[in-house]
Amino acid sequence: MKLAVFSAKSYDRTYLDQVQGERFAQLCTIDYHAFALSEETVSLAQGCDAVCVFVNDILDGPVLRGLHAYGVRAILLRCAGFNHVDLATAEGLGFFVANVPAYSPEAVAEFAVALIQTLNRKTHRAYNRVREGNFNIEGLLGTTLRGKTVGIVGVGRIGLATARIFHGFGCRQLAYDPFAGDEFRPYGTLVDLDTLLQDSHIVSLHCPLTKGTRHLINETTLARMRPGAMLVNTSRGGLIDSAAVIQALKTGHLGGLALDVYEAEGELFYNDHSGEIIHDDVLMRLMTFPNVLICGHQAFFTREALTEIAGVTLGNVSDFVAGRSCKNSLVTEGHVLVREDTEPVRL
Ligand code: NAI
């Protein structure tokens, strides 16, 4: 059994090799490719039984048909989100598709809170000032979070982990989630999206990217936000209309923006472009605001999460090889295991 790992970084190799050595010896041979999977690189999968991909690999119809023609029969996502996979085509071609549904939700939640506090207390600016011998604190004024209202959009694993942290900060919490159970009740109140936007000093996005949530934050919903509020996105870039956000930042209506994800990140993130001209004018404009903080999709990036990702991914490979039913399957027996209301969009 041969597995081709796309978008492979040194840390992917380290953790997959380590976990394979410890728990899945003899399961498969692994080819690592630094390139993302796309129509241009799909031929690298020739002779492989399975491919392993990450968030910015392309798995649209042409790529899936290419993989199938090269003999690939399984797709292992080493991430939770699957908005970049054309599941209907994968189903039609009979692919085994499995993800890693949760790998340390706390890692993402803790990072969201770190972004919020960095933006709020301006420690990124203080760090640079102090290194240059400038100990002036003018312009570094923040707000105390205790008593402020935090709005969490999507109270699944990561949203709930975020709520647990803000509970400790002494914040009032609101959540919007059309499919929420009772788990959020100890931390705050479930409300409709408009109420959440109107009342929250901080809005943190933790819902998946679907047809229904694409550009959930747009000109109209931004206008409903409390003036001066802070918006944080560690979920998927497509949840935010970046052009609308720029306008809201220019007028000052939006008080701050922290992004770990960006709607056109596929072209840039996870690679070093520091010696190049970056042609994405929207991203470059966003970076000029003093109250915008952008990271390159690293919220998940902890040792614990990488160990979990490698373990679950190789466990999914093992289920595929053994022909066992896999609890992380997204497509099984010709049925796409995704609710219609959360049907992923192809971007
Ligand atoms: P989850 O599936 O446990 O929770 C998602 C929640 O969103 C569910 O409770 C669901 O009911 C809710 N939801 C669905 N549609 C909604 C809507 N229209 N409005 C409000 N809520 C809605 O997922 P989990 O594990 O909490 O992950 C959330 C997202 O975080 C993932 O979709 C993924 O895109 C992103 N993520 C980002 C990472 C990063 O490194 N930045 C790492 C891992 C996940």
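Just follow the structure's listing: the first ligand is 1, and inside any ligand the first atom is 1. By convention here, the first residue in the shown sequence is residue 1. What you see below is based on every heavy atom in this structure, not just the backbone, and it leaves out hydrogens, waters and symmetry mates.
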Is there at least one pair of N or O atoms, one from [X] and one from ligand 1, spaced under 3.5 Å apart?
X: T213; answer: no
X: I158; answer: yes
X: L209; answer: no
X: R157; answer: yes

Nearest non-hydrogen contact with [atom] belongs to which option: [options]?
atom: atom 30 (O) of ligand 1; options: G296, A112, S235; value: S235
atom: atom 11 (O) of ligand 1; options: D177, L160, N83, T162; value: D177
atom: atom 15 (N) of ligand 1; options: Y103, F82, F179; value: F179

Between [X] and [Y], ring centroids under 6.0 Å:
X: H167; Y: Y187; answer: yes
X: F300; Y: F111; answer: no
X: Y32; Y: F6; answer: no

Answer with yes or no whether [X] contacts ligand 1, where contact means a heavy atom under 4.0 Å from a ligand atom.
X: P178; value: yes
X: P105; value: no
X: F301; value: no

Is there a continuous path of hydrophobic side-chain contacts, each under 4.5 Å between heavy atoms, that joins F169 to L174? no
Grouping I, L, V, M, F, W and Y whenever their side-chain heavy atoms are under 4.5 Å apart, do L16 and F320 come out in a common cluster?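 Yes, because L16 and F320 connect within a single hydrophobic cluster, where side-chain heavy atoms sit under 4.5 Å apart.
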Atoms of ligand 1 close to [X] [distance to a heavy atom under 4.0 angstrom, numbered from 1]:
X: Y176; answer: 19 (N), 20 (C), 21 (N)
X: A299; answer: 39 (C), 40 (O), 41 (N)
X: V155; answer: 9 (O)
X: H297; answer: 39 (C), 40 (O), 41 (N)

Under a 3.5 Å distance rule, please check whether D57 uses its side chain to pair with a backbone N or O of L37 as donor and acceptor.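 Yes: the side chain of D57 pairs with the backbone of L37.
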Check for a donor-acceptor pair, side chain of N128 on one end and backbone N or O of R125 on the other, with a separation under 3.5 Å. no
Could you check whether the rings of F95 and H68 sit parallel, tilted or perpendicular, using 30° and 60° as the cut-offs? perpendicular
Tell me whether R285 forms a cation-pi arrangement with F289, defined as NZ or CZ under 6.0 Å from the six-membered ring centre and within 45 degrees of its axis. yes
